[in-house]
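Basis for what follows: all heavy atoms, side chains included, without hydrogens, waters or symmetry-related copies. Below, read A as the first sequence line, B as the second, and so on, with proteins coming before strands; counting in each chain starts at 1. Quick caveat: nothing in here was measured; it's all calculated off a predicted structure.
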Amino acid sequence: MTAASPTHAPASAGAFEPALAAEGLGVRYGSFVALKDVTLRVRANSVHAIIGPNGAGKTTLFHALTGRIRTAGGRITLGGRDITRTRDDDRVRLGLARSFQVTSLFATLSVRENLRLAAQGRTPWAALAPWRRVPEHDAAQDTVRALLQRLDLGPVAGRAAGELSHGQQRRLEVGMAMAARPKVILLDEPTSGMGTDDIGAMTDLIRDLGRDHTVLFIEHNMGIVMNISDTVTVMRAGQVLVEGRPAAVRDDPEVRRAYLGNMITGDLR
Amino acid sequence: MTRLLERPLVHFALAAITVLVLPLVLRSGTLASEILIYGLAAAACNLLLGYTGLLSFGQGIFFGLGSYVSGLLLLRAGWPAPVMLPAVALVGAATATAVGWLSIRRQGVYFVMLTLAFSQLFYFLAYTFSDLTGGDNGLLNVPRPRLGGRALADPWSYYAYVAVLFLALFAVLQRVALSTFGRTLLAIRDNEARASAIGFPVRAFKVAAFAISGAVTALAGALHAMLIGVAPLSNIEYHTSETLLIMTIIGGGANLFASVLGAAFYLVAGDLLSAIWPRWLLLLGALLIAIALFMQRGLWGLVERAAALVTRAPAEGAVPEESRP
Amino acid sequence: MTYLFQILNGIGLGMLYFLLAVGLSVIFGLLQFVNFAHGAFYMLGAYLAYAMVERGVSFWLALPLAGLAVAVLAAVTEAVLLRRVYKQAHTFHILATVGLALVVQEIVIIVWGPIGGNLAPPEGLSGIVILGDFVYPEYRLFVIAFTAVLAGALWWLLEGTRLGAIVRAGSESAEDMALLGYDTRRINTAVFGLGAGLAGLAGALAAPIRGVDPFMSVEALSVAFVVVVIGGMGSYAGALAAGLAVGIAQSLMATLWPEGARLMIYLGMAAIIVMMPRGLFGRA
C-alpha cells in the first residue's frame with residue numbers, strides 16, 4: 001500500500017501522475033455512440049465520483065476501463081501503463097478491480113468461497129492446478145478473514161451468497177472488488193437499493209477505502225458524493241460535462257442546467 | 001445424514017460399494033463392466049455439465065476416439081494395454097482441447113449446437129476413413145488386456161480390471177473437483193462474467209475442463225472396446241453423446257457419484273426393459289420429459305430427499321425445485 | 001455441365017436446409033430455446049407424406065397435409081407439455097425436447113418399422129427436363145420453385161407482419177405484447193407449430209429425393225445447427241445464405257469426393273468458426 005498523498009490540492013491544479021487515466025475514450029454500440037472523447041484522470045489515493053443522469057454512459061465507462069467491452073478509440077493507462085488492449089482478467093492482476101451495479105455473485109457458493117475466489121483472482125493461473133487442494137492458510141485466506149470482519153459478514157460466512165439479504169449482498173459485492181487487493185477500485189452504485197442504515201456503513205467504507213486505495217465510484221445519492229469525494233466528474237450523453245471539487249461542481253451553472261428536470265435534481269443540495 | 005451425503009469420502013465409499021455390490025446383484029459381468037465404464041464417462045461429462053455449466057453433445061467424440069485409438073494401438077502397433085491406456089488418455093485430452101477451444105468460441109445455445117455439429121464431424125471422419133476404423137463394421141477383434149500371461153477372457157475377471165481403473169479414475173476426478181481448479185469451475189458455472197471480472201481466464205479453465213473430461217472419456221471408450229472386442233462406429237455416433245448426457249442428467253447435480261448412479265439406472269433399466277419391449281426408448285423419452293418437468297435434481301435429488309425424510313430435518317434436498325436456478 | 005447440375009441440386013438441398021433452419025430460428029426467436037425435436041418433426045413430415053402416398057393419396061394433397069399435421073401435433077405438444085418447461089434452466093428445455101425427439105422416433109419405428117422406404121416422385125413430375133445436353137429431374141426443379149415461393153411467403157410473414165415483428169424482437173417484446181392485450185400463450189403455441197410445420201414440410205419435400213428412414217432426424221438436426229451457427233439465429237437472410245452455401249458446397253463435393261461430402265459440411269463449419277467466430281453475419 002502506498003502512503004496517503006500529502007496534499008489535497010484541487011483536482012484541477014497542475015499535472016500529476018494519475019493512478020488510472022482515460023484519454024479520448026470512445027465506445028460505440030452499433031451506430032449508437034455510447035462514449036465520445038472521454039478524458040478522465042483519477043488521482044492516486046483519492047475518492048473520485050462519477051455522476052450524471054441515466055444513460056449518460058457511466059457504466060459503459062466502467063465497462064471500458066475494466067476491459068469488459070472494447071473501445072472504439074482512445075487510450076487507457078493504469079499507473080502509467082497502457083492497458084487499452086489488455087484483457088479484463090489481466091487488468092485485475094495489474095491492480096484494477098470493480099463491483100457491479102446489479103449484484104453479480106456466485107449465488108450457490110458460500111460467502112467465504114465468493115471472497116476466496118475473488119482473492120484468488122489476483123493469481124488466477126495458480127488456480128489452474130487440478131491436483132492442488134485449496135490451502136487452509138495462505139494470503140488469500142487471510143484476506144478473506146479480514147474482509148469478513150471488515151464487512152460484517154462473519155456470521156453468514158458459510159451461507160450461500162444467493163440467500164443473503166440485499167444489504168449483505170451489496171456489501172459482499174463491494175468485498176469481491178476489495179478481495180483482489182487492487183490499487184484502483186471501481187464501484188458501480190455501491191449503495192443502490194440500500195436502506196438508510198446500510199447506506200451509512202457503506203459511505204464510511206468507501207471513505208475508508210480511499211485511504212489505501214484509489215476509488216472511482218458511480219453514485220446517484222448526492223449526499224454521499226458531496227460528502228466523501230475529492231473529485232467529481234459529471235457525465236451527460238456519453239461525454240464529460242464538468243469535472244472538479246464537489247463544491248465547485250455543485251455550484252456549476254452548466255451542471256444545474258443539465259440536471260434541470262432530472263429526477264436527481266432534488267438531491268443536489 | 002444429509003450433511004454426510006455432501007462429503008467426498010462418502011461418495012468414494014459409495015463408488016467402492018457399487019463396485020462390490022454389482023457382482024452380487026447382476027448375473028452378467030458384461031453389464032456390470034458397462035455400468036462402471038459408462039459411469040466413468042458420465043462422471044467425466046458431469047465435470048463439464050454440473051461443474052462448469054457446459055452442456056456438451058460432444059462426449060461421444062472422445063468415447064469413440066478412445067475405442068478406435070485403443071483398438072489401433074493394440075492391433076496394429078501391438079502395444080500392451082498398460083502402455084496403450086496413457087496414450088489414449090493423451091489423445092483424448094488433445095482432441096478435447098481442440099474441440100473445446102473451438103466450441104467455447106460461441107456461448108449458450110450456440111455452444112451446444114457446435115458440440116453436436118462437431119460430434120457429427122468426427123462421426124463422418126470415422127465413417128469416411130474406413131481403412132482405419134473399419135467403417136460400418138467397426139474395428140474388429142480388439143483383444144482384452146493380459147494379466148500374468150493370459151487374456152482376461154472371463155467377464156468377471158475383466159470386470160475386476162475395469163473396477164480397479166474405475167476407482168482410480170473416480171478418485172482422480174474427485175481430486176480435480178475438489179481442487180482450486182474444480183472450485184473455480186463452480187464459480188464459472190454460477191457466473192461466468194463475474195469469474196472473468198475477478199481475474200480468471202475463463203476460456204483457459206473451460207478448455208482445461210474439456211481436456212480432463214476428454215481424457216477420462218477416452219479411457220472409458222478404450223475399456224469399452226476391450227470389453228466388447230470391437231471399436232464400433234456407434235461409439236462415436238451422436239447417440240453415444242446423447243446417452244452420456246442423459247445418464248448425467250438422470251443422475252443429477254454437481255456430484256460425480258450421481259453420474260455413476262445415472263449410468264447404472266440407464267443401463268439396468270435398458271437391460272430389463274429391452275428384453276420385454278424393444279422400443280423401450282419411448283419410455284426413456286417420456287422419462288426425460290418428466291425429469292425436465294418434475295425432477296430437475298435427478299436421482300441424487302431423490303436420494304437427498306429420502307435422507308432428509310429419514311432424519312426428519314428439512315434438508316437442502318427438500319427445497320422446492322422452483323427456487324433453484 | 002456437371003457443375004451446373006450439382007449447383008442446381010445444391011440449391012434444392014440448400015432451400016430444404018433453409019426451411020429447417022428458419023423453423024428452428026423462429027422458435028428460438030420467440031421462445032428462447034433450441035428445439036432438439038426439430039429433426040424428429042422433419043422425419044415425421046417425411047413419414048406422413050410417405051404413408052399417405054402409400055395409401056393412394058395424391059402427393060399434392062399429402063405434401064400440405066403432412067406439414068399441417070406436424071404443425072398441429074407440435075402445437076398440441078407445446079400447449080400440453082413444453083409450455084411447462086419454459087421457466088426452467090435451458091438444460092431442461094434441451095432435455096425435454098431430446099425426450100420428445102426420442103418419443104417421436106420410437107413411434108415412427110413402431111408404426112413404420114426400422115427399415116425405411118422410398119417414395120416415387122409424384123405423377124407429372126417423375127420425368128426429366130432436357131435442355132440441350134443438360135438433363136435434370138423435374139421433381140427437383142419443382143422443389144426449388146416451391147421452396148422459393150415459400151421463402152417469399154415467409155419473408156413477408158417475418159418481415160412484414162406483426163407476428164414477424166414479435167418473433168424477431170424476441171421475448172422482451174412478447175412481454176410488451178402481453179401488456180397490450182395479446183395472448184402470448186397462443187402466439188407461443190402458434191409459432192412453435194409454424195416452426196415445426198416448416199420442418200415437417202421440408203421432410204415431406206425431401207422424401208421423394210432421399211427416401212425415409214428413422215435416422216434422418218439426427219442428420220437434419222445437425223445440418224440445421226450448422227446452418228444456424230454459420231448464418232446466425234433469428235436472421236432470415238443468414239439462414240437463407242448459409243442454407244444455400246451448405247447445400248451447394250455439399251452437392252459440389254459429392255462429385256469431387258463422394259464419401260467425404262457430408263464430412264466437408266462440418267469441416268467447413270469448423271473452418272468458419274476458426275476464422276469468423278461470430279459466423280458469416282457476425283451476430284450474437
Can you tell me how far the [atom1] atom of [X] sits from the [atom2] atom of [Y], to the nearest 0.5 Å?
X        : Y        : atom1 : atom2 : answer
A:Trp131 : B:Thr180 : CH2   : OG1   : 8.5 Å
A:Trp125 : B:Phe205 : CH2   : CZ    : 7.5 Å
B:Leu186 : A:Leu109 : CG    : CG    : 6.0 Å

Check [X] against [Y] and note the closest heavy-atom contact, atom names and distance.
X        : Y        : answer
A:Leu117 : B:Arg183 : CD2-O, 4.0 Å
B:Asn191 : A:Ser104 : ND2-OG, 2.7 Å
A:Arg98  : B:Arg194 : O-NH2, 3.5 Å
B:Phe200 : A:Pro124 : CD2-CB, 3.8 Å
A:Ala127 : B:Thr184 : CB-OG1, 3.9 Å
B:Arg189 : A:Thr108 : NH2-OG1, 3.0 Å

If I measure from the heavy atoms of chain B, does [X] come under 4.5 Å with its side chain, its backbone, both, or neither?
X        : result
A:Ala118 : both
A:Ala161 : neither
A:Thr66  : neither
A:Arg91  : neither
A:Arg68  : side chain
A:Glu163 : neither
A:Glu113 : side chain

We want to know whether A:Arg87 and B:Ser196 form a side-chain donor-acceptor pair, criterion being a heavy-atom distance below 3.5 angstrom. no
Which atoms of [X] come close to chain A, meaning under 4.5 Å heavy atom to heavy atom: side chain ones, backbone ones, both, or neither?
X        : answer
B:Ala193 : both
B:Ile212 : side chain
B:Ala195 : both
B:Ala197 : both

Are more than 12 heavy atoms, taken from residues, nucleotides or ligands other than A:Arg150, located less than 6.0 Å from that residue's CZ atom? yes
When you look at CZ of A:Arg93, are more than 12 heavy atoms from neighbouring residues, nucleotides or ligands closer to it than 6.0 Å? yes
Looking at A:Pro135, A:Ala180, A:Ala129, A:Ala119, which makes the most heavy-atom pairs under 4.5 Å with chain B? A:Ala129
